[in-house]
Amino acid sequence: MALAPDSRITSLDAVPADTTYLFTVRDDEGDRREAVLVRTEDGVRGWLNYCRHLLDVRLDKGDGAPMRDGELVCANHGAYFEADTGYCTFGPCDGATLEAVDTTVDDGDVYLTDEDYTFVESGPMDDGDDGPSNTSNVEF
Ligand code: FES
């Protein structure tokens with residue numbers, strides 16, 4: 001399958017080892033959602049950036065989600081999610097699983113390959129405010 005240039009999220013090198021890389025996608029109904037890339041032992045995984053306890057709570061609030069021993073941590077009530085499976089191992093949503101966003105790595109770049117989403121941009125969702133958007137996580 002050829003990878004469309006506009007589905008490139010970032011370079012693999014830009015995905016940090018100890019936190020998340022935040023980006024914005026559009027779902028098939030046209031709504032914007034936030035997603036994160038996270039390092040795993042064999043590459044990267046993509047997950048929607050929302051806790052499974054309170055579904056509007058973002059794991060990465062703009063400057064990277066906290067991680068402990070290879071697990072994503074929700075800062076709100078301390079849920080832990082395995083980086084490679086999205087499975088919640090501890091916390092109020094114990095047993096739930098993050099919503100996956102399919103990605104692939106090709107020649108040092110990470111691409112969005114999930115047919116339910118299209119890539120919009122790196123960084124947080126533009127909420128329509130007039131103020132400048134948070135530019136953390138922008139590739140440089
Ligand atoms: S909102 Fe994430 S653990 Fe409660």
Side-chain angles (χ1 to χ4, degrees):
M1 182 187 72
L3 294 164
D6 60 1
S7 67
R8 178 185 176 276
I9 301 168
T10 188
S11 67
L12 181 59
D13 287 346
V15 182
D18 55 357
T19 184
T20 47
Y21 182 95
L22 181 62
F23 64 104
T24 300
V25 297
R26 183 179 294 110
D27 67 20
D28 50 15
E29 295 182 352
D31 294 327
R32 289 183 178 219
R33 313 287 301 278
E34 286 186 1
V36 294
L37 297 175
V38 59
R39 290 265 186 182
T40 63
E41 285 187 3
D42 61 352
V44 298
R45 292 281 188 286
W47 305 108
L48 287 185
N49 185 33
Y50 306 100
C51 186
R52 300 303 291 168
H53 175 214
L54 302 178
L55 302 181
D56 59 343
V57 169
R58 299 150 75 217
L59 300 170
D60 182 335
K61 300 180 191 302
D63 52 4
M67 290 188 70
R68 301 260 188 307
D69 298 329
E71 296 192 85
L72 284 156
V73 182
C74 177
N76 279 54
H77 309 107
Y80 279 55
F81 300 91
E82 292 178 343
D84 54 349
T85 67
Y87 184 76
C88 179
T89 61
F90 176 82
C93 47
D94 193 358
T97 304
L98 295 175
E99 287 189 60
V101 176
D102 294 339
T103 62
T104 194
V105 176
D106 183 67
D107 198 22
D109 289 317
V110 188
Y111 291 83
L112 180 65
T113 53
D114 197 313
E115 58 189 26
D116 292 336
Y117 302 103
T118 52
F119 178 65
V120 175
E121 59 190 357
S122 292
M125 197 162 59
D126 180 355
D127 58 10
D129 286 350
D130 291 329
S133 64
N134 184 336
T135 55
S136 69
N137 275 342
V138 170
E139 187 181 354
F140 50 85

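One-based numbering, in listed order, for ligands and for the atoms of each. As a basis for the values below, the full set of heavy atoms in this structure was taken, side chains included, without hydrogen atoms, waters or symmetry mates. Computed from a predicted structure; not experimentally measured.
No donor-acceptor distance shorter than 3.5 angstrom exists from the side chain of Thr103 to the backbone of Val110, with no hydrogens or angles considered. Using a distance-only test at 3.5 Å, with no hydrogens or angles considered, no donor-acceptor pair links the side chain of Thr20 to the main chain of Gly64.
Of all atoms in ligand 1, listed by their number and element, those nearer than 4.0 Å to a heavy atom of Ala79 are 3 (S). Interface atoms of ligand 1 facing Leu54, defined by a heavy-atom separation under 4.0 Å, are 1 (S). Within ligand 1, counting atoms from 1 as listed, the ones closer than 4.0 Å to a heavy atom of Cys51 are 1 (S), 2 (Fe), 3 (S). For ligand 1, the atoms closer than 4.0 angstrom to any heavy atom of Asn76 are 1 (S).
Ring orientation note: the planes of Phe23 and Phe119 are tilted relative to one another, at an angle of 30° to 60°.
Hydrophobic clustering (ILVMFWY, side-chain heavy atoms < 4.5 Å, transitive): Phe81 and Val57 are in distinct clusters. Cluster annotation: Val105 is connected to Val15 through the hydrophobic network of ILVMFWY side chains, with a link wherever side-chain heavy atoms come within less than 4.5 Å.
Regarding atom 3 (S) of ligand 1, its nearest protein heavy-atom neighbour is His77 CB, 3.4 Å.
Residue contact annotation: Gly91 has no non-hydrogen atom under 4.0 Å from ligand 1.
Taking the N/O/S atoms of His53 in turn, the shortest distance to atom 4 (Fe) of ligand 1 belongs to ND1.
At a heavy-atom distance under 4.0 Å, only side-chain atoms of Pro92, from C-beta outward, approach ligand 1.
Using a 3.5 Å distance cut-off with no hydrogens or angles, the side chains of Asp13 and Ser11 do not pair a donor with an acceptor.
Among the backbone and side-chain atoms of Cys74, an N, O or S atom lies under 2.8 Å from atom 2 (Fe) of ligand 1.
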